[in-house]
Amino acid sequence: MALFQIFDPTARPTPIGIDLGTTHSLVAYTVDGRPECVLDCDLNPLLPSVVHYLQHGGVMVGTEGKGKAALHPRETLVSVKRFMGRGADDPETRRLGPYDFAMPEPGQSNTVRFKVHGRTVTPVEVSAEILRALRTQAEGKLRTLGGAVITVPAYFDEAQRQATKDAAKLAGVEVLRLLNEPTAAALAYGLDKGRTRGTFAVYDLGGGTFDVTILSLDDGVFQVRSTGGDAQLGGDDMDRLLAEWVFGHLEIDSAQAAPGLVRAVLDAARTAKHDLTDRPDTVIAVDVDGVTFERSIRRTEFEDIVRTVIARTTPAVKRALRDAGLRPDEIDGVILVGGSTRVPAVREHVQSLFGQEPLSDIDPDQVVAFGAAIQANLLAGDGAKDDALILDVIPLSLGLETMGGVAEKILPRNTTIPAGRAQQFTTYADGQTGFEVHVVQGERELAADNRSLAKFTLRGIPLMPAGAAKLEVTFRVDADGMLTVTARELNTGIEQHIEVTPSFGLTGDDVERMLLESYEHAESDLAVRQLRERITDAERVIAATEAALRVDGDLLDEDERAELDGALKALREAIAAQDGKKVHLRTEGLDRATHPLAERRMDRAVQHAMRGRAVQEIEDTVRDRPEHPHLAASYAKDMESEKETR
């Protein structure tokens, strides 16, 4: 039955916060200054970050798509956040899942591409599908959306941040700001828990990334003092180690295993990890592709297997403390963020690092989305009373390649943003008429050892002796952590200004092409969606009809039963033919055919409910139900009619 919602058409659009996670994603908003998550129809705030691509177009996102992973591992993309901003030739790329990768063609950007059903999709496109699903979910609850604050790992570099913004653009989500996940968590704790001062560490271990941030909170000012981490470290690595343990017992080389088996083992490993959070032991069971495996595993065994992953967080924590100039005993509290911090061994490790029990009174899966929603509310101008100033930092140094391949740092890591800084350079050779500017990010001394972000050339410099030309390069990083670079020759005034599009991100043409494709395929995409909705509705009607027949099929005569069976058969044939119009018509036909059964079932139910009870008793029962006054009035009226009939 459809439900009507009453809403104010003049109400302001609601700003939202989105946690685009490796394993799960979620969206939150604020009500009277307090954050709440948008729930799906099953009252679950978490949307699995999984996209399954259908053979004839369309996608299945979330739980529905996750169910296809074992049978269709190459077409079901999981943990795609770990591919954001990666190069196709990155050696880490190939070991992140059972996928079929496509190398870029001449002229294409060097981003990761997955082969699915004869075409290629990028991590940006996959992430856009997840963001689109979150947007639709939020619109169902809030009707009209404002802009969104989207969280990213603090250690995401320029390429990964740009890829996230590209995905939001494709999904039709207006980005108010990109906010570092640890900062979002601190914002949620700071405003939600009433803390006004202190120095906190945020330990964020998610499905695919790890961040640690040291920040000070002083009367609404959030000052990030240092940050560190690993963009390729998380719960997925625990799953892979446990999966390798399974393959070892099977005596199978995981690199040579069938994709379906790889996905099944990874899923079994993840399930076991979750079970061992609350239980001392569990059973890992795999039965796919002719391979059967079943073995019990104790929590202590699991902890021994994943101990190396947990230990990899230690150097980043020590480095962040050192950069902030603090000892562990000077930290007032440690905030846990990310689903992987539920693992007991992780919590024990955090307690040993800081010498205190970490805070976890806000759900670690939801705290980041809460902080994003609070920040979105502030940016939309709805939080002036409790306004907060967030001073984030650059996670990795930004600089230029100079002669000899040296990386000259212009904005060192942990510089507070927004920030800008200029530095002058000159020519190396006589008669040099241009400068090639190579922007890099990282902490290594050689440019080749750092991340290449962009290259451009400033041309038209007059012939001058070496050292006579003066090139001023200005780096500016905005509050989102996005970089723009301006190069200007001071003698001539020749200038070039660019927004840095990272070498491993999508070009503007790539984004434009995908937007145009989304417009071109809008009609066919809508048709696919309508077909899926109609089939889902039809299958629900079939299941309900069959259940009713099992219980009360005796209420129909032979002709009525034959008509109903014929309607069921016709609807199943329409579903098999994937004909949306026929599915709709046959569903209506089945609905009409069930009317006699529905009426007689109602009569039987009423008779059963009233058997052996006096009318006065029923009236008294109804009258004593004030929580449903509209139903009580209806029942009382029915009873009066029943009296008159009698």
Assign the ring pair Tyr99 / Phe114 to parallel, tilted or perpendicular, where the plane angle (0 to 90°) is split at 30° and 60°.
perpendicular
Under 3.5 Å donor-acceptor pairs involving side-chain atoms of residues 331-343, not counting sequence neighbours:
from	atom 1	to	atom 2	distance (Å)
Asp332	OD2	Thr199	N	2.7
Ser340	OG	Gly206	O	2.9
Ser340	OG	Gly235	N	3.3
Thr341	OG1	Gly338	O	2.6
Arg342	NE	Asp365	OD2	3.2
Arg342	NH2	Asp363	OD1	2.7
Arg342	NH2	Asp365	OD2	2.7

How close do Val112 and Pro123 get, heavy atom to heavy atom, and via which atoms?
O-CD, 3.1 Å
Distance check, rounded to the nearest 0.5 Å: Ile150 atom CD1 versus Arg161 atom CZ?
12.5 Å
Determine whether Gln423 and Glu408 satisfy the following criterion, side chain to side chain donor-acceptor pair (under 3.5 Å), listing intermediate values before the conclusion.
CA-CA 10 Å; Gln423 193 161 326; Glu408 178 69 22; 2.9 Å; yes
According to side-chain hydrogen bond (donor to acceptor under 3.5 Å, both in side chains), who are the partners of Thr313, at least two apart in sequence or on a separate chain?
Tyr203
Candidate list Leu411, Leu398, Thr474, test side-chain contact (heavy atoms from CB on, under 4.5 Å), partner Arg421, passing option
Leu411
Please step through side-chain contact (heavy atoms from CB on, under 4.5 Å) for the pair Asp211 and Glu181, ending with a clear verdict.
CA-CA 8 Å; Asp211 296 322; Glu181 291 167 0; 4.1 Å; yes
Would you name the heavy atoms of Ala419 and Thr415 that are closest together and state the gap between them?
CB-CG2, 3.9 Å
List in chain and number order the residues that pass side-chain hydrogen bond (donor to acceptor under 3.5 Å, both in side chains) with Thr30, two or more places apart in sequence or in another chain; answer none if no residue qualifies.
Asn377
Evaluate Lys273 against Phe302 for side-chain contact (heavy atoms from CB on, under 4.5 Å), listing each step before the verdict.
CA-CA 8 Å; Lys273 178 183 68 178; Phe302 168 73; 3.5 Å; yes
Got a salt bridge between Arg34 and Asp32, using NZ or NE/NH1/NH2 to carboxylate O under 4.0 Å?
no
Please assess Leu321 against Phe354 for the test side-chain contact (heavy atoms from CB on, under 4.5 Å), listing each intermediate value before the final yes or no.
CA-CA 10 Å; Leu321 286 168; Phe354 292 96; 4.3 Å; yes
If only side-chain N and O atoms count, and only distance matters, is there a donor-acceptor pair under 3.5 Å linking Asp236 with Ser79?
yes
Taking the side chain as every heavy atom from C-beta outward, state whether Leu26 and Val38 have any pair of such atoms under 4.5 Å apart.
no
Tell me whether the count of non-hydrogen atoms from other residues, nucleotides or ligands lying under 6.0 Å of CD in Glu357 goes above 12.
no
Arg299/Asp281 ion pair, N-O < 4.0 Å:
no
Pair Lys165 + Glu174, salt bridge at N-O below 4.0 Å
no
If you count every heavy atom of other residues, nucleotides or ligands that lies below 6.0 Å from Lys409 atom NZ, does the total exceed 12?
yes
Asp323 and Ser226: side chain donor to acceptor below 3.5 Å
no
Residues in side-chain hydrogen bond (donor to acceptor under 3.5 Å, both in side chains) contact with Ser25, at least two apart in sequence or another chain
Ser49
Taking atom CG of Leu145 and atom CZ of Arg135, what is their separation to the nearest 0.5 Å?
8.0 Å
For residues Leu233 and Asp237, report the shortest heavy-atom separation together with the two atoms involved.
CA-OD2, 3.3 Å
Is Arg298 atom CZ crowded by more than 12 heavy atoms from other residues, nucleotides or ligands, each under 6.0 Å away?
no
Test ring-ring contact (aromatic ring centres under 6.0 Å, His included) applied to His274 - qualifying residues, sequence neighbours left out
none
Worked verdict on Arg307 versus Asp304 for salt bridge (Lys or Arg N to Asp or Glu O under 4.0 Å)
CA-CA 5 Å; Arg307 199 169 301 282; Asp304 288 339; 3.2 Å; yes
Who pairs with His24 by side-chain hydrogen bond (donor to acceptor under 3.5 Å, both in side chains), at least two apart in sequence or on another chain?
none
Rounding to 0.5 Å, atoms CG (Leu131) and CG (Leu170) come to a distance of 9.5 Å
Does atom CZ of Arg347 have more than 12 heavy-atom neighbours, drawn from other residues, nucleotides or ligands, at distances under 6.0 Å?
yes
Donor + acceptor pair across side chains of Glu125, Thr122 (<3.5 Å)
yes
Write down the atom of Ser296, the atom of Glu301, and the distance for their closest heavy-atom approach.
O-OE1, 4.3 Å
Does the side-chain contact (heavy atoms from CB on, under 4.5 Å) test come out yes or no for Val61 and Leu47, once each step is laid out?
CA-CA 8 Å; Val61 182; Leu47 176 79; 4.2 Å; yes
Determine the minimum heavy-atom distance between Gly325 and Glu330, stating which atoms define it.
O-OE1, 4.2 Å
